[in-house]
A.B. asks: 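Take a look at the following structure, please.
A, B, ... follow the sequence lines: proteins, then strands. Residue 1 opens every chain.
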Amino acid sequence: MAEPDFRAPKGTRDILPAESGRRRALVDVFARRAELAGFGEVVSPMFEDLGVFKRLGEDTDVVTKEMFDFFDKGDPPQHLALRPELTAGICRAYAEHRPVPPWKIWYEGPQFRYEQPQAGRYRQFTQVGVEVLGADDPQADIDVLALGWSFYESLGLGQVRLLLNSLGDPGSRPAYMEALGAYLEARSGDLTDQSRVTLERNPLRVLDSKREGDQTVIADAPLMVDFLSGDAAEHFRVVRSGLDGLGIAYEMSPRLVRGLDYYTRTIFEFAADALPGAQNAVGGGGRYDGLVEDLGGPPTPGLGFALGVDRILLACDAEGVFPGPPPAVLVFVVDVTGGGSALSMCQKLREAGIGADRSYGGRSMKAQMKVADRSGARLAAIIGEDEVAAGEVTIRDLRGDAGQRRVPLDMLVQEVSEFVPGPN
RNA sequence: GUGGGCGUAGCUCAGUUGGUUAGAGCGCCUGGUUGUGGUCCAGGAGGCCGGGGGUUCGAAUCCCCUCGUUCACCCCA
């Protein structure tokens with residue numbers, strides 16, 4: 001095949017009509033549910049000062065090797081980066097605008113990570129998410145978890161599991177880190193080379209290894225849940241009983257950690273069993289009580305989640321749920337008299353709120369009917385010599401068994417409306 | 001960044017001891033006389049076999065490089 005001169009950059013892709021409509025519908029479902037729960041949308045920049053993202057953790061992969069960064073044309077130039085996630089930017093916005101807490105916001109948009117692409121993993125991908133800033137109450141955790149859970153449910157997904165853990169608070173973390181570090185050091189001979197490197201930088205993340213060779217060591221490692229301070233343990237207990245009360249099934253996942261360093265206390269992940277293991281994380285989040293302060297704002301507890309739109313759609317495919325929206329075009333105008341009538345008829349229908357389309361190029365009736373069928377339109381409105389002479393139009397049912405009939409041209413909108421209640 | 005698979009018409013793919021004008025299905029276009037789609041029938045358009053180099057009398061078919069894609073690791077959504 002002759003290569004085109006250009007193609008979408010590695011790890012990016014074009015989302016074409018049928019798929020794009022489905023995607024927008026999915027975001028609309030999320031937006032609706034978030035707004036019903038009192039969240040307002042924030043649209044923030046797609047790039048920020050690199051420093052904003054460095055607060056995610058100086059030795060996380062996202063910061064050290066996956067950032068799309070660049071300098072602007074200022075003097076001196078500013079070091080900027082495309083956002084690899086949205087939480088940091090939202091916290092930056094909170095510190096900048098100081099809204100009255102609790103600040104409950106939702107967002108949607110593309111994120112960028114310079115990674116090796118594979119199925120369900122792109123260099124540009126879309127997330128929807130929420131954040132709650134300024135609420136320490138464990139009921140906020142429950143509310144957020146319930147929103148995520150119900151979103152998956154509302155799409156029709158049945159094979160999503162909620163994995164839950166607590167990473168403890170600043171009071172309880174050090175003792176655990178010490179115990180974990182000591183244990184892993186003692187067993188380092190049994191770890192893979194890669195995990196020994198990870199151990200140097202962040203022992204916690206060794207628990208996240210999927211390598212065979214690490215599993216026996218990980219299985220016997222001390223667990224954070226056994227080291228929680230009184231406050232952290234109580235917070236976690238309230239969160240769990242709240243989920244129980246709402247009938248939300250969750251799995252305790254005591255070795256669950258997250259790839260970004262800012263998390264504290266409650267953390268969670270949504271795993272889609274319909275997807276292969278490497279990409280089954282369709283959402284995740286947790287508390288990050290210190291992040292706003294790290295960015296120069298007031299001490300502010302926070303929590304939230306981000307859900308991967310691309311992967312959720314893959315999971316919907318795998319489960320055969322959430323089909324795209326029906327075609328917006330209700331009437332396809334077939335005009336074999338030159339196209340002038342199609343022009344005015346479409347205009348009239350559209351102004352009445354009825355989706356209408358037609359073909360171009362003065363094709364034969366047979367060809368136009370074919371296009372009408374393919375368009376997914378429910379009805380064909382046919383204009384030929386006879387109709388023009390009589391001042392009429394033929395309305396034909398393309399989907400049901402209502403056949404066809406001729407009606408006065410000026411009754412078109414009314415006649416069409418009778419087929420389907422309401423505009424569209 | 002590391003390792004494996006794959007790369008032939010718009011799509012899904014055939015095409016082995018390397019040898020005449022490279023195939024199928026789907027899709028698309030045009031027809032099947034007297035205005036009508038979804039089924040059926042017949043024609044047709046559309047590929048320098050991802051790109052570059054090499055081996056050979058001759059390569060889609062062998063070798064190298066490169067790009068893309070895919071899977072796993074890493075990490076995450």
A.B. asks: Any chance CE of A:M252 has more than 12 other-residue heavy atoms, nucleotides or ligands included, within less than 6.0 Å?
C.D. replies: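 Yes, CE of A:M252 has more than 12 neighbouring heavy atoms, counting only those of other groups under 6.0 Å.
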A.B. asks: Side chain of A:D373 only, heavy atoms from C-beta on: which candidate in B:A77, B:G38, B:G35 is closest?
C.D. replies: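 Nearest to the side chain of A:D373 among the choices is B:G38.
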A.B. asks: Taking side-chain hydrogen bond (donor to acceptor under 3.5 Å, both in side chains) as the test, write out the residues that go with A:D386, two or more places apart.
C.D. replies: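 In terms of side-chain hydrogen bond (donor to acceptor under 3.5 Å, both in side chains), with neighbours along the sequence ignored, A:D386 is linked to no residue.
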A.B. asks: Among the candidates B:G37, B:G1, B:G35, find the nucleotide nearest to the side-chain atoms of A:D386.
C.D. replies: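 Closest of the options to the side chain of A:D386: B:G35.
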A.B. asks: Measure the CZ-CD1 distance between A:R23 and A:I312 for me, rounded to the nearest 0.5 Å.
C.D. replies: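 Output value for this atom pair is 10.5 Å.
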A.B. asks: Nearest to the side chain of A:Q118 - B:C74, B:G35, B:G37?
C.D. replies: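 For the A:Q118 side chain, the nearest candidate turns out to be B:C74.
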A.B. asks: Is there a side-chain contact (heavy atoms from CB on, under 4.5 Å) between A:Y122 and A:T12 once you walk through the steps?
C.D. replies: CA-CA 6 Å; A:Y122 310 98; A:T12 69; over 6 Å; no
A.B. asks: For A:R258, which contact category applies under a 4.0 Å heavy-atom criterion: base, sugar-phosphate, or nothing?
C.D. replies: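 Here A:R258 touches the backbone only, sparing every base.
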A.B. asks: Assess whether ring pair (Phe, Tyr, Trp, His ring centres under 6.0 Å) is satisfied between A:F268 and A:F270, documenting all intermediate values.
C.D. replies: CA-CA 7 Å; A:F268 53 90; A:F270 292 102; 5.8 Å; yes
A.B. asks: How is A:R363 classified with respect to the nucleic acid when contacts are heavy atoms under 4.0 Å: base, sugar-phosphate, or nothing?
C.D. replies: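 The answer is sugar-phosphate, as A:R363 gets under 4.0 Å only of primed atoms, P, OP1 or OP2.
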A.B. asks: Just to be sure I follow the notation: if a pair is Watson-Crick (purine N1 to pyrimidine N3 plus N6-O4 or O6-N4) or a G-U wobble (N1-O2 and O6-N3), each under 3.5 Å, what dot-bracket string does RNA chain B give, with | for pairs to another strand?
C.D. replies: (((((((..((((.....[...)))).(((((.......))))).....(((((..]....))))))))))))....
A.B. asks: Hey, could you give me the CG/CG distance between A:L349 and A:L379, rounded to the nearest 0.5 Å?
C.D. replies: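 Separation between the atoms: 9.5 Å.
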A.B. asks: Which part of the nucleic acid, if any, lies within reach of A:L307 when heavy atoms closer than 4.0 Å are counted: base, sugar-phosphate only, or nothing?
C.D. replies: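 No contact.
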A.B. asks: What's the closest nucleotide to the side chain of A:V336 if the choices are B:G35, B:G32, B:C73?
C.D. replies: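 Taking heavy atoms from C-beta onward, the closest nucleotide is B:G35.
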